[in-house]
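Here the structure is laid out as structure tokens; the discussion comes afterwards.
As the structure is a prediction and not an experimental result, all values here were calculated from the model.
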Amino acid sequence: QVQLVESGGGLVQAGGSLRLSCAASQRTFNRSAWFRQAPGKEREFVSMITWNTEQIAYADSVKGRFTISRDNAKNTVYLQMNSLKPEDTAVYYCAAARLSIGSYSDSRRYTYWGQGTQVTVSS
């Protein structure tokens, strides 16, 4: 089994930055992603990165502000969040899929999930 452990969430003022980390117990997957869910809203795609190559994708709402990256040696995925807005407030979840097939923005394509970390952006 694969376990994902998230960290790095917290409270930040609008315009500030946070860096989220997602450490995996092992890497038997090819695609990792970040999703988020705000109160009363559906879980939405944020960003994706592959491991065998370095394909990267972002939701339009975070493009230009967020940066996804990985560290192969540490089996860790990061999400650097800059220029944060109150609209970014949500629980952020790390996810992993064994194969890079299907739509990367579809949460149903991901088998493994982290516990979530709260990001709160104050105005």
- Minimal non-hydrogen separation, Ala97 against Phe29, with atom names: O-CB, 2.9 Å

- Shortest non-hydrogen contact from Ser83 toward Asp88: O-OD2, 4.4 Å

- Query: Which pair of non-hydrogen atoms, one from Gln115 and one from Leu4, has the smallest distance, and what is that distance?
  - Reply: OE1-O, 3.7 Å

- Message: Does the Lys NZ or Arg CZ of Arg43 fall within the cation-pi geometry relative to Trp113 - under 6.0 Å from the ring centre and within 45° of the axis?
- Response: yes

- Query: Which distance, rounded to the nearest 0.5 Å, do you find between the CD of Gln55 and the CD1 of Ile49?
  - Reply: 10.0 Å

- Please answer whether the main-chain N or O of Val91 pairs with a side-chain N or O of Gln37 as donor and acceptor at a distance below 3.5 Å. no

- Query: How many angstroms lie between CG in Leu79 and CZ in Arg70, if you round to the nearest 0.5 Å?
  - Reply: 15.0 Å

- Counting only heavy atoms not in Gln13, do more than 12 sit closer than 6.0 Å to its CD atom? no

- Closest contact, heavy atoms only, Arg65 versus Leu84: NH1-CA, 3.9 Å

- Indicate yes or no for a side-chain donor-acceptor contact from Thr50 to the backbone of Arg31 under 3.5 Å, with no hydrogens or angles considered. no

- Item | Residue of the set Tyr110, Tyr92, Tyr93 for which ring-ring contact (aromatic ring centres under 6.0 Å, His included) holds with Phe35 | Tyr110

- Message: Could you measure the distance from the CG atom of Leu18 to the OG1 atom of Thr120? Nearest 0.5 Å is fine.
- Response: 9.5 Å

- Should Ser32 and Trp51 count as side-chain neighbours, where that means a heavy-atom distance under 4.5 Å? yes

- CZ/Arg98 to CZ/Arg109 distance, rounded to the nearest 0.5 angstrom? 12.0 Å

- Item | Gap between atom OH of Tyr58 and atom OG1 of Thr67 - 0.5 Å precision | 4.5 Å

- Query: Trp34 and Val62: same hydrophobic cluster, using ILVMFWY side-chain contacts below 4.5 Å?
  - Reply: yes

- Item | Glu6 side chain to Thr117 backbone, donor-acceptor under 3.5 Å | yes

- Message: Quick one: does any side-chain atom of Asp106 pair with a main-chain N or O of Ser103 as donor and acceptor, under 3.5 Å?
- Response: no

- Query: Step by step, would you call Asp71 with Thr76 a side chain to side chain donor-acceptor pair (under 3.5 Å)?
  - Reply: CA-CA 5 Å; Asp71 187 324; Thr76 300; over 6 Å; no

- Below 4.5 Å, heavy atoms only, C-beta onward: do Ile68 and Val46 meet side chain to side chain? no

- Pairwise side-chain contact, Ser61 with Arg36, heavy-atom cut-off 4.5 Å (strictly under): yes

- Query: Going hydrophobic residue to hydrophobic residue with side-chain gaps under 4.5 angstrom, can you get from Val12 over to Tyr78?
  - Reply: no

- Note on the structure: On a heavy-atom basis, the closest approach of Ala14 and Ser123 is CB-CA, 4.5 Å

- What distance separates Ser69 OG from Ile56 CD1, expressed to the nearest 0.5 Å? 8.0 Å

- Which pair of non-hydrogen atoms, one from Val2 and one from Ala24, has the smallest distance, and what is that distance? CG1-CB, 4.5 Å

